[in-house]
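Below you'll find the structure, written out as structure tokens, and then a few comments.
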Protein chains: 2
Amino acid sequence: MSREIRRTMPLLSMSIVMQLTELSARQIRYYEEHHLIEPHRTEGNRRMFSLNDVDTLLEIKDYLEQGMNMAKIKKLFAKKKDPVATTEDQNLSDSELRQIMREEMRQAQRMQKSSIRRGDLSRFY
Amino acid sequence: MSREIRRTMPLLSMSIVMQLTELSARQIRYYEEHHLIEPHRTEGNRRMFSLNDVDTLLEIKDYLEQGMNMAKIKKLFAKKKDPVATTEDQNLSDSELRQIMREEMRQAQRMQKSSIRRGDLSRFY
DNA sequence: ATACTATGTTAGGAAACCTTACATGGTTGG
DNA sequence: CCAACCATGTAAGGTTTCCTAACATAGTAT
């Protein structure tokens, strides 16, 4: 059974995700409104998050703390998903994207080496 | 951050554990009454389970389906924790214990090889 | 035949979560 | 400088999920 499935399986409730990410419920719902995450829903309409969702939230948090705004973050995510999208007003230059990706890679490397880092989900599961 | 911590971190709510284990809430609470698991509690008194708890529950389920009763399962778990416990009425013979352990080992091996097996938690996370 | 074991079910209450709406400090463009 | 907007806080009212406690029951063991 693939790692993909494990990471997309909705296992976590709102309160746990709040603890894991140190975000408020309001913030998490707001990011969902902007389609940056799409948590699963139970029959009773409760959100259930996957580990991937948590990762995404930590990424969003990081970008926001770096001063990026939602609009830019949305474009960033859109482009990461489909780097050759043809929408006209995708005004996030390729060089900007590459810049960000490069930083992510460097961060990932650092995570391999040092032990604990903010945003390192492996603390939790 | 150690695997140990990841696996003991209370992340999962009752409903999710019910799905993962295919046990009823009643059953899960009953096994807790017998101290086979000790889920964490939130401030509001809700149970929060770790991945280890889920493993334990699947193990219990397996033993029960094999016809073992709670009393025996309790002794089995006690002895697995402390194989040299000195309580008098620990009437689970060493050979019985070794027998069970051997089967577990064989099962674990099979899990390495074949893909999906009941009791294989890796389906989920 | 009786007692026990493991589980189901029900009731009443509390915690956690939901959506919607309004409030607000910080930033931004005119 | 001010109006608009952005990201977030907060409050209200309602629903879902979970809690404990108690009683019911089919199957098993004594």
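Chain identifiers are assigned alphabetically (A, B, ...) following the order of the sequence lines, protein sequences preceding nucleic acid strands; residue numbering begins at 1 within each chain.
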Nearest whole angstrom, please: distance from the [atom2] of [N] to the [atom1] of [X].
| X | N | atom1 | atom2 | result |
| --- | --- | --- | --- | --- |
| K72(B) | dT28(D) | NZ | C1' | 15 Å |
| Q27(A) | dC6(D) | CD | P | 17 Å |
| M68(B) | dA6(C) | CE | C1' | 16 Å |
| M48(B) | dC17(C) | CE | P | 9 Å |
| L64(B) | dG27(D) | CG | C1' | 14 Å |
| I60(B) | dT7(C) | CD1 | C1' | 14 Å |
| M70(B) | dG27(D) | CE | C1' | 16 Å |
| M14(A) | dT19(C) | CE | P | 8 Å |

Given axes from five pairs at either end, by how many degrees does the helix from dA1(C)-dT30(D) to dG30(C)-dC1(D) bend, rounded to 10°?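 Between the first-five-pair axis and the last-five-pair axis there is 30°.
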Taking the side chain as everything from C-beta on, heavy atoms only, tell me whether [X] gets closer than 4.5 Å to [Y].
| X | Y | value |
| --- | --- | --- |
| F49(A) | L20(A) | no |
| F77(A) | H35(A) | no |
| L12(B) | L12(A) | yes |
| R47(B) | H40(B) | no |

Within residues 34-42 of chain A: residues closer than 4.0 Å to DNA chain D (heavy atoms):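 Heavy-atom cutoff 4.0 Å gives T42(A).
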Ion pair check, R26(B) and E32(B), cut-off under 4.0 Å: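 No, no charged N to carboxylate O under 4.0 Å.
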Taking the basic N atoms (NZ, or NE/NH1/NH2) and the acidic carboxylate oxygens, is any pair closer than 4.0 Å for K74(B) and E33(B)?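 Answer for the salt bridge query: no.
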Would you confirm whether [X], through its side chain, and [Y], through its main-chain N or O, come within 3.5 Å as a donor-acceptor pair?
| X | Y | value |
| --- | --- | --- |
| E65(B) | D62(B) | no |
| E22(B) | Q19(B) | no |
| K61(B) | L23(B) | no |

Under 3.5 Å, is there any donor-acceptor pair linking the side chain of R29(B) to the base of dT20(D)?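 For R29(B), whose side chain was compared with the base of dT20(D), there is no donor-acceptor pair (under 3.5 Å).
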Relative to the 5' end of DNA chain C, which residue comes earlier, A25(B) or G44(B), by the nucleotide with the nearest heavy atom?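 So the residue in question is A25(B).
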Below the 4.0 Å mark, does [N] have OP1 or OP2 next to a side-chain nitrogen or oxygen of [X]?
| X | N | answer |
| --- | --- | --- |
| S24(B) | dG8(C) | yes |
| R26(B) | dT9(C) | no |
| S15(B) | dC18(D) | yes |
| R47(B) | dT20(D) | yes |
| Y30(A) | dT8(D) | no |

Contact nearer the 5' end of DNA chain D, comparing A71(A) with R46(A):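 This one resolves to A71(A).
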For L57(A) and I37(A), which heavy atoms make the closest approach, and how far apart are they?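 In this case the closest contact between L57(A) and I37(A) is CD2-CD1, 3.8 Å.
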Say you draw a straight line from CG of L64(A) to OH of Y31(A); how long is it, rounded to the nearest 0.5 Å?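 Taking CG in L64(A) and OH in Y31(A), the distance rounds to 4.5 Å.
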Scoring nucleotides 24-30 of chain C by protein non-hydrogen atoms under 4.0 Å (B base, S sugar-phosphate only, - none) yields -------
Under 3.5 Å, is there a donor-acceptor pair linking the side chains of E59(B) and T56(B)?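 No, T56(B) and E59(B) have no side-chain donor paired with an acceptor closer than 3.5 Å.
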